[in-house]
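Okay, structure first, notes after.
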Protein chains: 2
Amino acid sequence: MYSAAMSTQEQLGTQERLVRSTQELLWERGYVGTSPKAILERAGVGQGSMYHHFSGKSDLALAAIRRTAEGMKETAEECLSAPGTAYDRIAAYLQRERKVLRGCPIGRMTQDRDVVQSPELRAPLDEMFGWLQGRITEVLAEGQRRGELAAGPDPAALAAAVAAVVQGGYVLARAADDTAPFDAAVRGVLMLLATQVTVDAPGTVETADAPRTGTTN
Amino acid sequence: MYSAAMSTQEQLGTQERLVRSTQELLWERGYVGTSPKAILERAGVGQGSMYHHFSGKSDLALAAIRRTAEGMKETAEECLSAPGTAYDRIAAYLQRERKVLRGCPIGRMTQDRDVVQSPELRAPLDEMFGWLQGRITEVLAEGQRRGELAAGPDPAALAAAVAAVVQGGYVLARAADDTAPFDAAVRGVLMLLATQVTVDAPGTVETADAPRTGTTN
DNA sequence: GTCTATATCCCGATAGAC
DNA sequence: GTCTATCGGGATATAGAC
């Protein structure tokens with residue numbers, strides 16, 4: 001493992017190359033759209049190798065999905081455990097750099113019949129989104145206790161809304177072939193979270209000045 | 001057209017049966033997962049018929065997607081143009097009966113490579129979501145003018161957030177194989193919209209009592 | 001207009017040599 | 001462990017009879 005930061009896969013083991021190629025292809029084409037042949041070609045290995053290390057397409061997909069879900073948790077945790085107020089940390093999560101037009105590699109799996117119908121393949125998705133909502137709930141609840149956020153709303157419901165805005169933002173952006181709807185949705189939900197604590201009376205709202213988003217693609 | 005309200009397709013024309021079967025299959029399996037053969041079997045027609053009326057799979061899919069998008073606009077418009085306050089109408093749209101675990105038939109297309117890469121096939125998605133966000137923006141802006149909603153936040157950004165919550169709610173629900181995350185996300189965003197007008201000071205929020213959702217599946 | 005037959009290719013998996 | 005050869009089946013489209 002002394003060459004972890006490479007751009008190609010040339011020096012990695014066969015098994016590792018297969019998993020990474022599958023991760024990429026599942027992201028790009030989904031489960032039904034990804035063939036073992038395409039995986040082999042991208043990984044640069046023969047068919048026999050794949051069936052030696054994995055029992056088949058679904059087994060390889062399982063390894064790839066698990067890996068991707070773990071990575072997503074780590075990325076999210078970095079934002080959510082950063083220093084700052086609850087609002088800051090939620091904003092950091094929502095505005096972190098994303099390949100918006102490529103969509104969410106985990107959320108995408110959700111639209112694949114074969115994936116959701118298989119308890120094994122769906123489990124990592126369920127676990128990942130469950131963890132995410134729980135983690136956001138904790139941050140929001142802490143913010144409410146500290147008085148950084150309005151104390152009324154159910155933190156779990158707000159957390160679901162925050163997570164949904166991200167996933168739905170991807171959908172709207174891909175439909176428009178433009179990242180603008182994603183950025184707008186994020187801005188919208190942040191405005192709502194922010195104005196909760198700065199409102200004095202109906203009609204006279206001081207909107208929080210949300211920092212710009214960092215979407216690239 | 002004197003038998004529009006039937007459950008089966010038996011008395012419909014061949015062309016119409018093909019379009020409806022395609023609508024169903026695209027919803028269930030997506031574009032890559034839907035084969036001409038499956039469409040023919042469901043429609044109960046032979047292969048020659050299909051290639052007589054349509055030039056191929058993508059042409060048929062285009063007709064089906066357009067039809068589905070039109071239907072979605074009509075359903076949404078019913079909620080958004082109903083009597084009541086702006087909040088009521090947004091709530092009606094968010095809580096209307098949905099087959100949550102089946103996902104959004106239009107949003108799903110967004111995850112299909114072949115669809116988003118084709119300008120023709122993507123156009124109906126873009127048009128539909130663009131219209132939806134515009135329509136929600138109008139309702140929110142009107143609510144702000146009437147003092148039903150806090151006047152500060154950008155209505156277009158809020159509209160994007162509302163639309164994103166629906167699409168993301170589907171994703172979270174399918175990952176969990178449970179409608180609960182969808183309902184929670186809807187509740188969350190409604191709480192935020194509602195508390196905007198009832199907040200007096202930080203820490204003492206009167207949350208609006210959102211009516212129950214009507215999800216079935 | 002609708003049907004069946006056929007063509008060509010790719011899918012996912014297995015067999016067995018090296 | 002990795003390779004190539006091969007299998008049975010399905011995808012998408014065309015040809016041509018009726």
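Naming convention: chains lettered A, B, ... in sequence-line order (proteins, then strands); numbering from 1 in each chain. Side chains included, hydrogens not; waters and symmetry mates left out as well; all remaining heavy atoms used.
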Euclidean distance, atom [atom1] of residue [X] to atom [atom2] of [N] [Å, nearest integer]:
| X | N | atom1 | atom2 | value |
| --- | --- | --- | --- | --- |
| A:Leu40 | D:dG1 | CG | P | 18 Å |
| B:Arg17 | C:dG1 | CZ | P | 14 Å |
| A:Met50 | C:dG12 | CE | C1' | 8 Å |
| A:Leu60 | C:dC11 | CG | P | 15 Å |
| A:Glu16 | D:dG1 | CD | C1' | 17 Å |
| B:Lys37 | C:dC9 | NZ | P | 20 Å |
| B:Phe54 | C:dG1 | CZ | P | 13 Å |
| B:Glu41 | D:dA11 | CD | P | 8 Å |

Taking only the side-chain heavy atoms of [X] (C-beta and beyond), determine which of [options] contains the nearest atom.
| X | options | value |
| --- | --- | --- |
| B:Lys57 | C:dT2, C:dA13, D:dT12 | D:dT12 |
| B:Gln47 | C:dC3, D:dC3, D:dT14 | D:dT14 |
| B:His52 | C:dG1, D:dC3, D:dT12 | C:dG1 |
| B:Tyr51 | D:dT4, D:dT12, D:dC3 | D:dT12 |

If you measure from the Lys or Arg side-chain nitrogens to the Asp or Glu carboxylate oxygens, is any gap between [X] and [Y] under 4.0 Å?
| X | Y | value |
| --- | --- | --- |
| B:Arg42 | B:Glu28 | yes |
| B:Glu16 | B:Arg20 | yes |
| B:Arg89 | B:Glu142 | yes |
| A:Arg96 | A:Glu78 | no |
| A:Glu70 | A:Arg67 | no |

Please figure out whether A:Gly48 or A:Tyr31 has its closest DNA chain C nucleotide nearer the 5' end. A:Tyr31
Within the structure, does a side-chain N or O atom of [X] lie under 4.0 Å from either OP1 or OP2 of [N]?
| X | N | result |
| --- | --- | --- |
| B:Thr14 | C:dT2 | yes |
| B:His53 | C:dT2 | yes |
| A:Ser49 | D:dG1 | no |

Need one value for A:Ser55: base, sugar-phosphate or nothing, where a base atom within 4.0 Å counts as base even if backbone is also close, heavy atoms only. nothing
